[in-house]
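Working notes, structure below.
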Amino acid sequence: MKIKVEWQFDIEQDEKTQEMLGLSEGDIDVVLNDPERLEGYKRDVAMLFDVPQQVDLADFFEDPRSVSSEQITDALSDEYGWLVADWREI
């Protein structure tokens with residue numbers, strides 16, 4: 001079972017990541033208000049920190065359909081070091 005993960009990147013507060021991506025405070029406001037740019041930012045941050053946006057749950061669980069949502073989000077957060085905002089099956 002493969003899923004698309006939406007990580008909870010702290011766009012507004014993480015100054016280090018903003019600096020690494022060359023974003024100013026004004027850029028952040030633009031990104032937050034433009035869904036297309038926000039998606040691009042999330043892709044960039046995921047690549048920067050080597051965090052996958054798609055995950056095969058078979059790598060974590062013998063039977064992914066038998067585990068709860070909480071178990072999935074906990075396993076992903078533990079493995080990659082970021083909180084999971086949401087995920088959906090693809």
Original post:
Which residue pairs satisfy the ring pair (Phe, Tyr, Trp, His ring centres under 6.0 Å) criterion with at least one member in residues 15-39, sequence neighbours excluded?
Top reply: none
Throw together a table of side-chain donor-acceptor distances under 3.5 angstrom for residues 70-81, partners on residues two or more places apart or in other chains.
{"residue": "Gln71", "atom": "OE1", "partner": "Ser68", "partner atom": "N", "Å": "2.8"}
{"residue": "Gln71", "atom": "OE1", "partner": "Ser68", "partner atom": "OG", "Å": "3.4"}
{"residue": "Thr73", "atom": "OG1", "partner": "Ser69", "partner atom": "O", "Å": "3.3"}
{"residue": "Thr73", "atom": "OG1", "partner": "Glu70", "partner atom": "O", "Å": "3.1"}
{"residue": "Ser77", "atom": "OG", "partner": "Thr73", "partner atom": "O", "Å": "3.0"}
{"residue": "Ser77", "atom": "OG", "partner": "Trp82", "partner atom": "O", "Å": "3.0"}

side-chain hydrogen bond (donor to acceptor under 3.5 Å, both in side chains) involving [X] - partner list, sequence neighbours excluded:
X: Arg88; result: none
X: Glu89; result: Arg65
X: Asp27; result: Ser24
X: Gln8; result: none

Subject >> Shortest non-hydrogen contact between Ala58 and Pro64, atoms and distance >> reply: N-CG, 3.9 Å
**OP:** Please report the closest heavy-atom contact between Leu32 and Leu38, naming both atoms and the distance.
**Re:** CD2-CD1, 4.3 Å
Original post:
Can you name the residues that form a salt bridge (charged side-chain N to carboxylate O under 4.0 Å, His left out) with Asp34, not counting sequence neighbours?
Top reply: Arg37
Original post:
Who are the salt bridge (charged side-chain N to carboxylate O under 4.0 Å, His left out) partners of Lys2, not counting sequence neighbours?
Top reply: none
Original post:
Is there a path from Ile3 to Leu83 through hydrophobic residues (I, L, V, M, F, W, Y) whose side chains come within less than 4.5 Å of each other?
Top reply: no
Subject >> Joint cluster assignment, Leu23 & Val30, ILVMFWY side-chain distance < 4.5 Å >> reply: no
Let me check something: any side-chain donor-acceptor pairs from residues 42-51 under 3.5 Å, sequence neighbours excluded? List them with distances.
{"residue": "Lys42", "atom": "NZ", "partner": "Glu6", "partner atom": "OE2", "Å": "3.0"}

Original post:
Any salt bridge (charged side-chain N to carboxylate O under 4.0 Å, His left out) pairs touching residues 55-64, not counting sequence neighbours?
Top reply: none
**OP:** Evaluate the side-chain contact (heavy atoms from CB on, under 4.5 Å) criterion for residues Trp87 and Val55: first the C-alpha distance (whole Å), next the side-chain angles of each, then the deciding distance (0.1 Å), finally the verdict.
**Re:** CA-CA 10 Å; Trp87 61 269; Val55 174; over 6 Å; no
Original post:
Could you state the interatomic distance from CD1 (Ile90) to CE (Met1), rounded to the nearest 0.5 Å?
Top reply: 10.0 Å
Subject >> Residues, nucleotides or ligands: over 12 heavy atoms within 6.0 Å of Glu15 CD >> reply: no
